[in-house]
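Just below is one structure, and these are the notes that go with it.
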Amino acid sequence: MSNIRKFSSQVVDGYERAPSRSMLYPVGFKKEDFKKPQVGIASTWSMVTPCNMHINKLAEETEKGVNGAGGKAVIFNTITISDGISMGSEGMKYSLVSREVIADSIETVAGCQGFDGVVAIGGCDKNMPGCIIGLARLDRPSVFVYGGTIQPGDNHTDIVSVFEAVGKRANNDINDIELEQIESKAIPGAGSCGGMYTANTMASAIEALGMSLPNSSAQDAISDDKNSDSRRAGEAVFNLLEKDIKPSDIMTKKAFENAITVIITLGGSTNAVLHLIAMASAINVDLTIDDFTRIGAKVPVLADLKPSGKYMMSELVEIGGTLPLMKMLLNAGMLHGDCITVTGKTLAENLKDVEPYNKDQQIIMPLDSPIKEDSHLRILRGNLATDGAVAKITGKEGLTFKGRAKTFACEEDALQAILNDQISEGDVIVIRYEGPKGGPGMREMLAPTSAVMGKGLGEKVALITDGRFSGGTHGFVVGHITPEAFCGGPLAIIEDGDEILIDAENNKLQLLIDDSTITQRLSNWKQPTPRYKKGVLAKYARLVHSASEGAVTG
């Protein structure tokens, strides 16, 4: 096995490495283990969120798989935070930052300890791309395991149901008792948020990318299938070690195109644009926002999944998960079947024996009868977004919107205005200084967009921001506007009453005032004082690139 112990041999082989070996005996190593390839298992277990509360058990299953295949597994932890808990608060500014912390920590531990391979297990929005970025930087044989989806709450509810109930309570459509009944029963246990929100979007993208085992993205968090998936991931990484298949062999440009195709058909989150670009950057693949436009022009939306649709991921699991969808796309020539995956086989080989969906299912539409004929993820440009912006337009809310600006310098002010009935039909809610540098941290605007829905304004107003949106957001929304306001983007100089056009047919985002007025306003604009001068948020603000480049930090 010496030929596959490229890194661990440097740490534990030879008489001069006796001190290293002596420190490994107390943590469970036996003499014979020093001749085995070492596999680090990066666990995102934490009791701060239901998304990750079960992952320690999955890590133990993966350990069994590694050890049973002939390796030596070593479990270590990285952090996770909860978007759902911190949403709408100052704490949410740490969310996107945590992606970088997670990537850094996985790279740091595996690089220091000399692991020959790595399995990373994630189950929430930012720790999943964070895991992949860390694995990409290391470029050692690696497998990602998705923690799995949660079950629906009472009356088919989930976390977005609770956010929208806040708007209904503010509108006096429900009372405090009804709100408590929703909040206390919407989250029944472990697993990631149940719609095609960012967690399930990224799980599907990572599987289509080839970095997780077939159907890893479409399994319930608490299930025999997920336990088996975790064990098999441990076995799979040993196979990758023997074949010397690394993330750079798997995460190619064509593989990223597969990931984009699949998340479009599923109606996935806008955050996928940000994260896939960042993941590609980590493995030195040239992926840009324009690739989403190019691919999206010929890829339809097929899945009737929340937030815009009816069904949850657990219901997609029941009808066969994502594999029959990918088989359908492959047969239609919409996926690159020759891409290698963590099974050691190609995507086409993995899908060879997959059976189609039952004809009676109502979740995945046929290719000749799509929900939308092209992508719901629209890359908009114009004088408000010269470097691009990302919209999530399913068509249910229309394809164009022109309205009057109502401007806010932060999310909290916008939310209070919505809840206090200060937003009217025809308004374009503008939330600025929430970008990667300006926030800092690019908060998700789920609280304001859910309040809009709860107030019954979903088809009557629009919202634009240099921040982000939760995968649970729906409505006429545009985020990731670049340049961001803090860096002098035109978003900074919009005034109340200015007309704004959002055109998802022609992919335009325009401030409808003349260029000379824009130039004059920008000449009078002064950059705000940074909100944080020390600590991780200040460090992040200094390092982070624009949203159009994936908000990467290096």
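Of the possible polar contacts, none joining the Ser369 side chain to the Pro366 backbone as a donor-acceptor pair under 3.5 Å is found. Under a 3.5 Å cut-off, the side chain of Asp154 and the backbone N or O of Lys185 do not form any donor-acceptor pair. Between the side chain of Arg443 and the backbone N or O of Ser89, at least one donor-acceptor pair lies under 3.5 Å. The backbone N or O of Gly117 sits nowhere less than 3.5 Å from a side-chain atom of Arg140 that would complete a donor-acceptor pair. With hydrogens and angles ignored, the 3.5 Å screen pairs no side-chain donor or acceptor of Tyr146 with any backbone N or O of Ser204. With Thr201 contributing its side chain and Tyr197 its backbone, the two residues share a donor-acceptor pair below 3.5 Å. Between the side chain of Glu411 and the main chain of Met445, no donor-acceptor pair closer than 3.5 Å is present. Formation of a donor-acceptor pair under 3.5 Å by the Lys126 side chain with backbone atoms of Thr80 is not found in this model. Put simply, the side chain of Thr62 gets close to the backbone of Ser230: a donor and an acceptor are under 3.5 Å apart. With Arg169 contributing its side chain and Gly454 its backbone, the two residues share no donor-acceptor pair below 3.5 Å.
Here the side chains of Asp304 and Gln362 are not in contact, with every heavy-atom distance at 4.5 Å or above. With a 4.5 Å cut-off on side-chain heavy atoms, Val342 and Ile250 count as touching. Annotation: side chain of Thr288 is not in contact with side chain of Ile277 (no heavy-atom distance under 4.5 Å). Annotation: side chain of Ile431 is in contact with side chain of Leu463 (closest heavy-atom distance under 4.5 Å).
Checked by atom type, the side-chain pair Asp338/Thr346 shows no donor-acceptor distance below 3.5 Å. Residues Ser217 and Thr322 have side chains that bring a donor and an acceptor to within less than 3.5 angstrom of each other. Using modelled atom types and a 3.5 Å distance limit, the side chains of Gln151 and Asp220 yield a donor-acceptor pair. For the residue pair Thr261/Asn258, the side-chain donor-acceptor check at 3.5 Å is not satisfied. When only modelled atom types and interatomic distance are considered, Thr44 and Asn52 share a side-chain donor-acceptor pair under 3.5 Å.
Asp224 CG: 12 or fewer foreign heavy atoms inside a 6.0 Å radius. Sparse packing is recorded around CD of Glu459, with 12 or fewer heavy atoms of other residues, nucleotides or ligands lying under 6.0 Å away. The local environment of NZ in Lys253 is crowded, with over 12 non-hydrogen atoms from other residues, nucleotides or ligands closer than 6.0 Å. Annotation: Lys254, atom NZ; neighbour count of heavy atoms from other residues, nucleotides and ligands within 6.0 Å is above 12. For Lys168, the NZ atom sits in a loose shell: 12 or fewer heavy atoms of surrounding residues, nucleotides or ligands are nearer than 6.0 Å. Around atom CD of Glu373, no more than 12 heavy atoms belonging to other residues, nucleotides or ligands sit under 6.0 Å away.
Between Glu257 and Arg294 there is a salt bridge, with a side-chain nitrogen of the basic residue lying less than 4.0 Å from a carboxylate oxygen of the acidic one. Between Glu60 and Lys57 there is no salt bridge, since none of the side-chain N atoms of the basic residue sits less than 4.0 Å from a carboxylate O of the acidic one.
Taking CG of Asn127 as the reference point, atom CD1 of Ile79 lies at 9.0 Å (rounded to 0.5 Å). Remark: Ser216 OG to Ile206 CD1 distance equals 9.0 Å, nearest 0.5 Å. Note that CD1 of Ile379 is 9.5 Å distant from OG of Ser548, once rounded to the nearest 0.5 Å. Separating the CG atom in Asp374 from the CD1 atom in Ile393 is a distance of 11.5 Å, to the nearest 0.5 Å. The NZ atom of Lys392 sits 11.0 Å away from the OG atom of Ser375 when rounded to the nearest 0.5 Å.
Partner of Glu444 under the side chain to side chain donor-acceptor pair (under 3.5 Å) criterion, chosen from Thr465, Asn271, Thr473: Asn271.
The aromatic rings of Phe401 and Phe476 are tilted relative to each other, their planes meeting at an angle between 30° and 60°.
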Mind running side-chain contact (heavy atoms from CB on, under 4.5 Å) on Val143 and Leu240 for me, showing each step along the way? CA-CA 9 Å; Val143 180; Leu240 295 176; 3.7 Å; yes
